[in-house]
Visitor: 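I have a structure here, written as structure tokens, and I will follow up with some questions on it.
In what follows, chains carry the letters A, B, and so on, assigned in the order in which the sequence lines appear, proteins first and then strands, with residues in each chain numbered from 1.
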There are 4 protein chains.
Amino acid sequence: MELIAEQGYSATTVDDIAARAGVAKGTVYYNFQSKTVLFEELLRHGIGLLTAEFRAAVAGLPPREALAALVRAELEYIRRYRAFAQLLLSEMWRTNREWQQTLRLLRGEAIEVIAETVRAGVASGDLPADLDVRTASSALFGVGLVVAVDWLVFQPERPLEDVEDALLSIVRRVAEV
Amino acid sequence: MELIAEQGYSATTVDDIAARAGVAKGTVYYNFQSKTVLFEELLRHGIGLLTAEFRAAVAGLPPREALAALVRAELEYIRRYRAFAQLLLSEMWRTNREWQQTLRLLRGEAIEVIAETVRAGVASGDLPADLDVRTASSALFGVGLVVAVDWLVFQPERPLEDVEDALLSIVRRVAEV
Amino acid sequence: MELIAEQGYSATTVDDIAARAGVAKGTVYYNFQSKTVLFEELLRHGIGLLTAEFRAAVAGLPPREALAALVRAELEYIRRYRAFAQLLLSEMWRTNREWQQTLRLLRGEAIEVIAETVRAGVASGDLPADLDVRTASSALFGVGLVVAVDWLVFQPERPLEDVEDALLSIVRRVAEV
Amino acid sequence: MELIAEQGYSATTVDDIAARAGVAKGTVYYNFQSKTVLFEELLRHGIGLLTAEFRAAVAGLPPREALAALVRAELEYIRRYRAFAQLLLSEMWRTNREWQQTLRLLRGEAIEVIAETVRAGVASGDLPADLDVRTASSALFGVGLVVAVDWLVFQPERPLEDVEDALLSIVRRVAEV
DNA sequence: GATGAATGAGGGTTCATTCAT
DNA sequence: GATGAATGAACCCTCATTCAT
């Protein structure tokens, strides 16, 4: 995960992976069908973690607070797994890739947590009735990713709290009934 | 441009490029120092086009209208050069790439147009005084990219006008003094 | 070794080497870092052999006999590894080559055996006191090489013993106190 | 000549040659059938020069003095065209080269001048009667080349006069009736 | 369960040569 | 007489994958 997240998929060789894992190259193939499958499982692991944190963040909170909690959870995740976040940003909107299917599925699972929150908010009247659930959810996910990574890459001296404030204030305005 | 934008840098071979261009492989190397340089010139060309359209869009407009015009110009550009936009989204926030230097420079030129507009708006009082110019400009650029590409990739049936409306309304709210 | 010695470094492709060795091309690269490194190891092997035979030839002999033994050892070596000797003659005095460093080192080791003999002879008074050790050693090495190879290439019908006699008589005259 | 002598045949591209000559690449092919032919003419020119100097050196001298003059002429030539001499040393005893035929011919012409001197000396009784003309001539030529170049490459700090003295004294002893 | 030597398809790059202008 | 854009064969090298042990 460290290697591929830092260097990218193509730049990371199976030799590298085996060496970092402290096993022989054959062992990688003993445990994974192919490099592609290994990468898919990496994506599964990484996005699964994010989805789990999304779930933990919203647990028991009312819609508007849950929304804020999701933003915080995403930023926190990106801060902790910065390289993986960059990887996601690179791969998420690409087409013609072998693992595209898998990635869409995983993206769907993560966004579904956001969607549930939005859906509940719309139903309870806490969020605007004309808010398109699917659109709002995926936009929130994507915007959080790009804004946070942009900050990390191009303005690393700034504290991530600033991003959080900016994003939360925007979300709040958009979420106003 | 079509090939690399569609398949990505590594997946596109120089053979592919030569074949698509209808020339021999040697001809590619007669015109470009290396595959990397070719890609850099591709980036230069593509982002140069965007920068030019940014400049054309804001010409003579007052700050708030210029901001809206920039959003429209970016979306229009992404609609027209969809594959290139995906490429940008994939490469813009990666590190450890040979063309990173070039990309950062070009990104800076494009964002500078946005920054000039924001700066003028803050100076004239049309935009909030506490708006951080650098941050706001790069965020606007990034958000437009990810939201539009997300739409194109995951909800292609929706008209791009919806994205435009959504983005413009957000920008307007954030830009309120 | 046969291939490179016969055709030269550039004219011998890695494909050739793999084919002659009866392995796949990748196998060559699994065992050698690069074609250059392979060639360096070839030089190391070949010159190492010569150095070893030099050492064996002089073992226990008094200076003047040792000198004659060295000439005989060199000629015998050239006869046995004719192609390699030609290779040495071609590469030894070239500059601007990647393996130059390696070659100089190996040359130094081989010549050092000769030098030890000459030095001992000068010290014991068996050889002229004004003989420059370094010069005499490298000249002896080079002359043996060029005279023997010249004979092999341009007058192959002549027995090598003639060269031996000629060289030994010259060495003896020069070595006279 | 400068380029090929310094970098070697393979390392010098036709582009290099054209650039150094200040003409277009096509012009090189307008004047020379191929790179090989160009190299052959280079050899012809370079060795022709040496042959001419040999002829000039021996003109009118008695055999033993002519022999000494030849040694001096060869060394002087090597000093002046050092890179070309290294090139000769590299190519002269190689086999399986395209220009081998040409090179042998040219070598023959140069050595013939030496041979004429030796032959005359043997006939007149100035040189030992049992001296093999062909062998002696080619050996003198080769030894001069390798000893002088060795000196230039491995002991460049020493004056070439030392080599001259050493070679002349050897030649004199060998030439003693 | 684990290994690592071996593979070979495929990639980027070079460069002598050609030929229309 | 001269040019230089275009060529394509050939080269060195990489690396995901296999398989006998």
Side-chain angles (χ1 to χ4, degrees), chain A residues 3-4 7-19 21-39 98, chain B residues 3-4 7-19 21-39 98, chain C residues 3-4 7-19 21-39 98, chain D residues 3-4 7-19 21-39 98:
Chain A
L3 281 175
I4 296 191
Q7 316 178 353
Y9 177 79
S10 324
T12 303
T13 69
V14 177
D15 268 296
D16 290 340
I17 295 168
V23 298
K25 189 165 23 172
T27 309
V28 174
Y29 281 88
Y30 184 76
N31 288 288
F32 299 91
Q33 211 178 101
S34 68
K35 194 189 171 188
T36 302
V37 167
L38 183 153
F39 184 55
E98 297 167 80
Chain B
L3 280 174
I4 296 192
Q7 314 180 355
Y9 178 78
S10 336
T12 303
T13 69
V14 177
D15 269 298
D16 289 343
I17 296 168
V23 298
K25 201 183 346 184
T27 307
V28 174
Y29 280 91
Y30 183 75
N31 288 287
F32 299 92
Q33 212 177 97
S34 68
K35 193 188 170 189
T36 301
V37 167
L38 183 154
F39 184 58
E98 296 169 81
Chain C
L3 281 174
I4 296 192
Q7 314 179 354
Y9 178 78
S10 336
T12 303
T13 70
V14 177
D15 268 298
D16 290 342
I17 296 169
V23 298
K25 205 200 317 202
T27 307
V28 174
Y29 281 92
Y30 184 74
N31 289 287
F32 300 91
Q33 213 177 100
S34 67
K35 193 189 170 189
T36 301
V37 168
L38 184 153
F39 183 58
E98 297 168 79
Chain D
L3 281 175
I4 296 190
Q7 315 178 355
Y9 176 78
S10 324
T12 303
T13 69
V14 177
D15 268 297
D16 290 341
I17 295 168
V23 298
K25 188 165 23 170
T27 308
V28 174
Y29 281 89
Y30 185 76
N31 289 287
F32 298 92
Q33 209 179 100
S34 68
K35 194 188 170 189
T36 302
V37 168
L38 184 154
F39 184 56
E98 297 167 82

Visitor: For C:I4 and C:L38, what are the C-alpha separation, side-chain angles and deciding distance, and is it a side-chain contact (heavy atoms from CB on, under 4.5 Å)?
Guide: CA-CA 10 Å; C:I4 296 192; C:L38 184 153; 4.2 Å; yes
Visitor: For a quick test of reading the model, state the closest non-hydrogen atom pair linking B:S10 to A:S10 and the distance between them.
Guide: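 Smallest heavy-atom distance, with atoms named: OG-OG, 3.6 Å.
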Visitor: Does OP1 or OP2 of E:dG1 have a side-chain N or O of A:N31 closer than 4.0 Å?
Guide: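 No, A:N31 has no side-chain N/O under 4.0 Å of OP1/OP2 on E:dG1.
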Visitor: Where do N or O atoms of nucleotides 16-19 of chain F meet protein N or O atoms at under 3.5 Å, pair by pair?
Guide:
unit_1 : atom_1 : unit_2 : atom_2 : d
F:dA16 : OP1    : A:K35  : NZ     : 3.1
F:dA16 : OP2    : A:V14  : N      : 2.8
F:dT17 : OP2    : A:Y29  : OH     : 2.9
F:dT17 : OP2    : A:K35  : N      : 3.0
F:dT17 : O4     : A:K25  : NZ     : 2.9

Visitor: Report the distance from atom CD1 of D:I17 to atom C1' of F:dG4, rounded to the nearest whole Å.
Guide: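 Rounding to the nearest Å, CD1 of D:I17 and C1' of F:dG4 are 16 Å apart.
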Visitor: Go through DNA chain E and write down every stem, that is, every run of at least three consecutive Watson-Crick or G-U wobble pairs with distances under 3.5 Å, as range with range.
Guide: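 When the pairs of DNA chain E are grouped into runs of at least three, the stems are E:2-21 with F:2-21.
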Visitor: Taking the nucleotide of DNA chain F with the closest heavy atom to each, which residue, B:V28 or C:Y30, is nearer the 5' end?
Guide: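 Looking at the nearest nucleotide for each, B:V28 comes out on the 5' side.
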Visitor: Round to the nearest Å and state the distance from D:F32 atom CZ to F:dG1 atom P.
Guide: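 Result: 14 Å.
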Visitor: How long is the gap from CG on B:L3 to OG1 on B:T13, to the nearest 0.5 Å?
Guide: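 The distance works out to 8.5 Å.
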Visitor: Of all heavy-atom pairs between C:K35 and C:T12, which one has the smallest distance, and what is that distance?
Guide: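 Heavy atoms only, the tightest pair is NZ-O, 2.8 Å.
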Visitor: Taking atom P of E:dG12 as reference, at what distance in whole Å does atom CG of B:L3 sit?
Guide: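 So the two atoms are 12 Å apart, to the nearest Å.
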Visitor: Of the non-hydrogen atoms in A:A11 and A:D16, which two are nearest, and what is the gap between them?
Guide: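 Heavy atoms only, the tightest pair is O-OD2, 3.9 Å.
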